[in-house]
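Letters A, B, ... are given to chains in the order of the sequence lines, protein chains preceding strands, and every chain is numbered from 1.
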Amino acid sequence: MNIALFLQMAAEACPDRRALTYNGEHYTYAALYAAAKRAAYRFSTANCKYVTLIDVSSPAVPIALMGAAMAGIPYVPINYRLSEEQIVPLLDRIEPAYIILGAKEATYSRDSGVTQDSSDFLNEVLTGDYIEVKWNEDPTAVAVQLFTSGTTGTPKAAILRHEHLVSYILGSVDFMGAEEHEATLVSVPPYHIAGISAVMSSIYACRRIVQLANFDPAEWLRLCAEESVTNVFVVPTMLTRIIEELRFSDFEPSDLKSLASIAYGGGKMPVPVIEQALALYPNVNFTNAYGLTETSSTITLLDPDDHRTAIDHDDAAVHARLGSVGKPLPSVELEIRDDEAKQLGPWESGEIYVRGPQVSGEYEERSVLDDDGWFPTRDAGYLDDHGYLYLSGRADDVIVRGGENLSPGEIEDLLHQHPAISDAAAVGMPSEEWGEVVALAVVKTRGQEITEDEIRQHIREHLRSSRVPEVIHFTSELPYNETGKLLRRVVSEWFRIEGD
Amino acid sequence: MLKPGLRLKSAVCDAEIMVIKASEGDDLTCGGVALAEAPDKVDGDPGEMNGCLIGKRYVNEAETVEVLCVKSGDGSIYYNGAELMTKDTKKLPSSD
C-alpha cells in the first residue's frame, strides 16, 4: 500500500491525458510518473531520511511527493513563508534531508543531506533515462509529515502513514471519475494538508491540476477563465476576496463559464459570504469540507444538495445548515463528548472525536488516539437532530466566564450577520472577577458606522448577557494565516497590551 | 496469507490487484489460477475470463474480502470459488 499507486494507475489508464498545468506548460500522467521514478532514484541514492520542499506550488510538488513515496522516505513540505529563524529549527528535526528550495529562499546549506534548487530538481527529473523503481508496500510506512501551523506554540509534526492517505483517497474519490475536460485550480499552499490531498485526489480522479503559485483574486479569476477550470477549492478569506474582486473589477461572474464546483474549507466560512457566493453562482455545486491534518483531510461534507435545500428553505433550522460542515464521510465515525469523554446528544456542545482508517492522530511517534482508536480533535462543536455537524471553534478557544463556557463562534456568527460589521473575533481576556471575560475585535463594513454601545445592545438582544463584551476594539482587519485560520493568539495579544 | 496492501498479479492476463481487506484463507484467483506476486504465465479457465477493470473495487458477498484492481485484465477475480462483485460506493462530491 503506497500513495504512489495513484499516479501509477493514472499513468496506466490514461498516460497521455494532461495531469498538470503550470505557467502555461502541460504535463501528462506518463510524464509525471516517469519524473517521480527518476526523483525516487535520486532520493534513495542520496542517503537521506527525509525529502523536504520549501517552495510555492510547481510541478516539483507532485513529483517530490510521489517520488519520496516510491523511495520509502517521508515527504515533509515546509511553509516557505516562515522566516529563516523558524525554518532552521524545523530542518534540524529532519536530518539528513533532501532539500528542494524555491529560488527566493535562503540557501540553508547543511552539513548533511542534499540541497537543490527546485528548477534544477525539475530539469533533472523531467528528462533522462527510463528508470524502473520497486517500491515498498508497507502500509505503516510514513508517507507525509506536516509541521502544524504552530498557532499554539512550537510546531508539532503530524504523521500520516500510507494506510491513512490511501484509505482517505479510496474512500472518497472515484478512480478516473473526472471527464477529460475537467480541471481543478489548486491555490492552497503545498505545505498544507489541503495542498497534499488536492494533488492525490486529482491524480486518482485523473482531473487536471492547474497550479497557482501565490493566491491573488485577480490572477485566480484570470486563470480560472483561461484554463477553463471546472473545480476549485478555496479557504474563506480567498472566497471573500474573490467576491470583492468580482464586485470592484471588470471581471463578471459570468466570465467563469466552465466553473461547475466550488469546495471550501480550512476555516470557518461566514454564512453571509457563502450566501453571496450562492447568489452569484446559482448553477455551481457548492461543497463545504471539514477536516484536519491529523485526519488526512476531509472528514465531513456539506454537499451541493444540502446547500440548495438550505438556501431557500423557510424553516430556519434547515436554512441554518449553511453554517454547518455537514455529515461524516461513510468511513468516518464521529461523536461529541464532554470533558470526561462521555458522549453527548444532539445540540449539546463538546469536543469532536473521530475514528476511521484515514485518521492518524499521531505526532512524531506519539499517538493521541484513545484505546478504542478515537481521535480527540480539540475542535468544539455540536450535532443537530439530523446529524449535521456545527463547529464552534477550537476547544482551547472556549471562553470560561465565571464557570460558564462561552463559544467565540456563537458571538462571531451573530455579528457576521450584522450589515455594519464585516468581521469580528471574540477572545477571552483575564478578569479578576470572572476568571475570563469576552473581549471583541470588530472590523466595520466599508462606509458604515456602529458604536460600541450598539454592538453591546445587539449582542444583549440576541444572546445571553454573559456574552456581552467587556472591551471592544475596532480594527481595519483581523489577522489570518494564509490558509484562512484566524490567529486568535494575535487578537488576544491586542487586549493584553491594552490592559497593561 | 492475504494482508491489506499486498499487490498480486494474474497468471493468465495483465491484471493486477491490491488487497484492501482480507480474511482467513488465501484462495484468491484470476481466470481460475491463483494470484501471486510474480506468477509464471499460464492459460486461464475460459469460464472465468469475464475481465476486471482498473479502479474498480471487488468484494465477496459478505464483504469480508475486498480488492482494488490496479491494472485491467481479461480474467475475473474469484475468492473461495465465488466470483467477486464490483462494490457500489456512494459517489461523493470533490472536496479537495
Would you say [X] and [Y] make side-chain contact, with heavy atoms under 4.5 Å?
| X | Y | result |
| --- | --- | --- |
| B:Pro93 | A:Leu301 | yes |
| A:Arg207 | B:Ser94 | yes |
| B:Leu68 | A:Met9 | yes |

Those residues of residues 6-22 of chain B, ordered by number, that approach chain A below 4.5 Å (heavy atom to heavy atom)
B:Arg7, B:Met18, B:Val19, B:Ile20
Residue-level contacts of residues 34-56 of chain B with chain A, using a heavy-atom cutoff under 4.5 Å:
B:Ile54, B:Gly55
Classify the side-chain pair A:Thr287/B:Ser95 by whether it contains a donor and acceptor separated by less than 3.5 Å.
no
Does any backbone or side-chain atom of A:Asn285 lie under 4.5 Å from a heavy atom of chain B? Answer side chain, backbone, both or neither.
neither
Whatever's closer than 4.5 Å to a heavy atom in chain B on A:Tyr264 counts as neither
Considering only heavy atoms, give the residues of residues 162-174 of chain A separated from chain B by less than 4.5 Å, sorted numerically, with 'none' for an empty result.
A:Val166, A:Tyr168, A:Leu170, A:Gly171, A:Ser172, A:Asp174
Largest heavy-atom contact set with chain B, pairs under 4.5 Å, which of A:Ser201, A:Ser197, A:Pro139
A:Ser197
Please table the atom pairs, donor to acceptor, closer than 3.5 Å between any side-chain atom in residues 185-193 of chain A and protein atoms at least two apart or in another chain.
from	atom 1	to	atom 2	distance (Å)
A:Tyr191	OH	A:Asn79	OD1	3.4
A:Tyr191	OH	A:Glu482	OE2	2.3
A:His192	ND1	A:Ala194	N	2.9

